[in-house]
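Note sheet for the following structure.
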Amino acid sequence: MKYPIGIQTFEKIIEGGYQYVDKTDLVYSLVTSGEYYFLSRPRRFGKSLLTTTLEAYFKGKKELFKGLAMESLEKEWVEYPVFHIDFTGADYTDPNAINNRMNIDLTSWEKVYGKNDNEVSLGDRFYGVISRAKEQTGKQVVILIDEYDKPLTDTIGFQEVQDQNRAALQGIYGIMKRADQYIRFAFLTGVTRYGKLGIFSAANNLKDISNNKKYNTICGISEEELHSYFDDEVQAFADEQGVSKEQMYALLKGRYDGYHFSEKLVDVYNPFSLLNSLADRQLNNYWFATGTPTYLTKILSKSDIVFPEFDDNLTASGEMIASFGNGESNVIAAMYQSGYLTIKGYQDGYYYLGFPNEEVSGGFTQMLLPNYVDSITSDRKDLDLVKLKRYIIADDVESFMTQIQLIMGQIPFENSEVKQIEANFRNMIYLMIRFSGFKVAVELPVLGGRVDVFFETDNRVYVIECKRDQSADDALAQIDMKKYAKKISSADKPVVKIGANFSTEERNIVEWKVEEI
């Protein structure tokens, strides 16, 4: 089997004989039931492939759809002028990037449909080619915009450039309202939805299908599709690994499945990781190996959100996951839309969010932690984290507490408020222990109180209480007073109590005391 890894063009996949998971029934539904759409999906989830499938359809390339659902659904095969804008492949912190990108496309289109010298701005030039295409061909036009949001996410933290990019995009997208009479179909994709940044109000009534139950599986690979298209490949993978086919399906499911894009909770696999895994016959973190988006680490580093909540059912309204707030303040929306959280349940109008699968839950820690401590040189932070992992696995309490203190001491908390310092401290403790391979609970509710930090190794149970600007003795006293150790004791493992004191002034743990039961 030829896997279409890294190939994002429908025509190239079909003509090259690569395996294509047929989504053309959903494509047909889109093109026959509406005109203006927006779809948000995580990176490397098949948005570009979907966009080029639409392009091939609207260009009337019937021969590419032979044997697919579209072949029997479409009877007319009308060819339309298609304007495809792809915002990938450029760094939009460069103030000239949008103009350069659009000028290439517009110049190409103007060679076909002509140019009016009075059209100077990007918006006017775009309107000009749209109107002339309709006049010259007699057909309305199709507008496809891939990764519409990249000029905005690239410039998070660069407010002046982002404002400039936003204004430029508004000028481009606003044309869809002005040129409505000339447009047959418009489709925008992106990772994020900038609901309050003016982009969508500029466009013409875009229908957001990101959480539409009908289009749950329009990108990605469903459970049914995995079995239908790749059953023999899964069997070969199982044979190589020395497990049954059922066990291999379970391993793949736990590792790469679990994405839900509506309250219907239809499972969707990450296609990039799944295809790579089947091709290599390895269970690696392929999606995470491509890197964590810089905009996400910027947002997380400035927030006071508590990462441990991601292990549980984080509650969010539909509005909270629908779009970024003004100034990119909605961390939950950023995490959900980027694919680091997904819908785990729905009740009474609220969504319950959590990590979708093992690749994300484990990879989140391993990828975000080094970025979270980006003030440390790469070699140094990797070595420090490896040491910490070794000490925790060995139950060397003094060494792993010292190592936590060492790492914390290299994080620049100087300009942070107390609330954010405390959130950062909890997040760092959580991430460091998770990085070591152990599930950790922070602020674990027990009868009569909350345990600050709780985790288990193979041989020990740890209860950590942290005080701020008090003493390690005070922290140990609270563990005893609230009887935390007894309430979460293990029958076959000793319990280790750690009382720690965090100094606001020094922005670090300054002392700790250890007792073992």
Gln8 CD to Arg44 CZ distance, which is reported to the nearest 0.5 Å:
7.0 Å

Which is it for Tyr37 and Leu39 under the side-chain contact (heavy atoms from CB on, under 4.5 Å) test, yes or no, and what are the steps along the way?
CA-CA 7 Å; Tyr37 291 102; Leu39 176 70; over 6 Å; no

Any donor-acceptor pair under 3.5 Å linking the side-chain atoms of Gln337 with those of Ser40?
no

The reported gap from CG in Asn216 to CD in Glu263 (rounded to nearest 0.5 angstrom) is 8.5 Å

Answer whether the closest heavy-atom distance between the side chains of Leu476 and Val514 falls below 4.5 Å.
no

When you look at OH of Tyr350, are more than 12 heavy atoms from neighbouring residues, nucleotides or ligands closer to it than 6.0 Å?
no

Centre-to-centre under 6.0 Å for Tyr249 and Phe230, is that the case here?
no

pair Leu50-Phe187: side-chain heavy atoms closer than 4.5 Å
yes

So, Glu443 and Arg450, do they make that salt bridge, N to O below 4.0 Å?
no

Give a yes or no on this: more than 12 heavy atoms of other residues, nucleotides or ligands lie within 6.0 Å of atom CD of Glu224.
no

Measuring centre to centre across the rings, with the benzene-like ring taken for any Trp, is Tyr269 within less than 6.0 Å of Tyr256?
no

Using the rule given for side-chain contact (heavy atoms from CB on, under 4.5 Å), can you reason through Lys493 versus Asn459, listing the C-alpha separation, both sets of side-chain angles and the distance that settles it, and then say yes or no?
CA-CA 6 Å; Lys493 298 178 184 178; Asn459 302 306; over 6 Å; no

I want to know whether Trp287 and Phe45 have ring centres closer than 6.0 Å.
no

Per side chain to side chain contact (heavy atoms under 4.5 Å, CB included), Tyr462 is matched among Val495, Val453, Asp395 by Asp395

Quick test of your reading of the model: are Asp146 and Lys47 salt-bridged, counting only N-O distances below 4.0 Å?
no

Would you indicate whether the side-chain heavy atoms of Tyr336 and Tyr351 approach each other to under 4.5 Å?
no

So, do Ile392 and Thr457 sit near enough that their side-chain heavy atoms are less than 4.5 Å apart?
yes

Please report the C-alpha distance between Tyr173 and Leu206 in whole Å, then the side-chain angles of each, then the deciding distance to 0.1 Å, and finally whether the side-chain contact (heavy atoms from CB on, under 4.5 Å) criterion is met.
CA-CA 11 Å; Tyr173 301 150; Leu206 283 170; over 6 Å; no

Could you walk me through whether Gln403 and Met432 pass the side-chain contact (heavy atoms from CB on, under 4.5 Å) check?
CA-CA 10 Å; Gln403 195 67 14; Met432 285 189 279; over 6 Å; no

Phe261 ring centre to Arg41 NZ or CZ under 6.0 Å, with the angle to the axis within 45°?
yes

In terms of heavy-atom contacts, does NZ of Lys513 have more than 12 from other residues, nucleotides or ligands at under 6.0 Å?
no

Using the rule given for side chain to side chain donor-acceptor pair (under 3.5 Å), can you reason through Thr88 versus Asp86, listing the C-alpha separation, both sets of side-chain angles and the distance that settles it, and then say yes or no?
CA-CA 6 Å; Thr88 61; Asp86 184 355; 2.7 Å; yes

Lys/Arg-Asp/Glu bridge criterion (N-O < 4.0 Å) met for Arg166, Asp163:
yes

Kindly compute the distance separating CD1 (Ile5) from CG (Leu275), expressed to the nearest 0.5 Å.
6.0 Å

Taking NZ in Lys245 as the centre, count heavy atoms belonging to other residues, nucleotides or ligands within less than 6.0 Å. Is the count above 12?
yes

Can you check whether Glu147 reaches Val191 side chain to side chain, under 4.5 Å on heavy atoms?
yes

Calculate, to the nearest 0.5 Å, the distance between atoms CG and OG1 belonging to Asp257 and Thr342 respectively.
10.0 Å

Separation between NZ (Lys150) and CZ (Arg101), nearest 0.5 Å, reads 11.5 Å

Taking every non-hydrogen atom, the tightest pair across Gly499 and Ala475:
CA-CB, 3.5 Å

Can you tell if the side chain of Asn285 reaches within under 4.5 Å of the side chain of Arg255, non-hydrogen atoms only?
yes

Less than 4.5 Å apart, side chain to side chain, heavy atoms only: is that true for Val360 and Tyr259?
yes

List the residues meeting salt bridge (charged side-chain N to carboxylate O under 4.0 Å, His left out) with Arg43, not counting sequence neighbours, and say none if there are none.
none

Side chains of Asp239 and Gln235: donor-acceptor distance under 3.5 Å anywhere?
yes

Are side-chain heavy atoms of Leu388 and Ile407 found at a separation under 4.5 Å?
yes

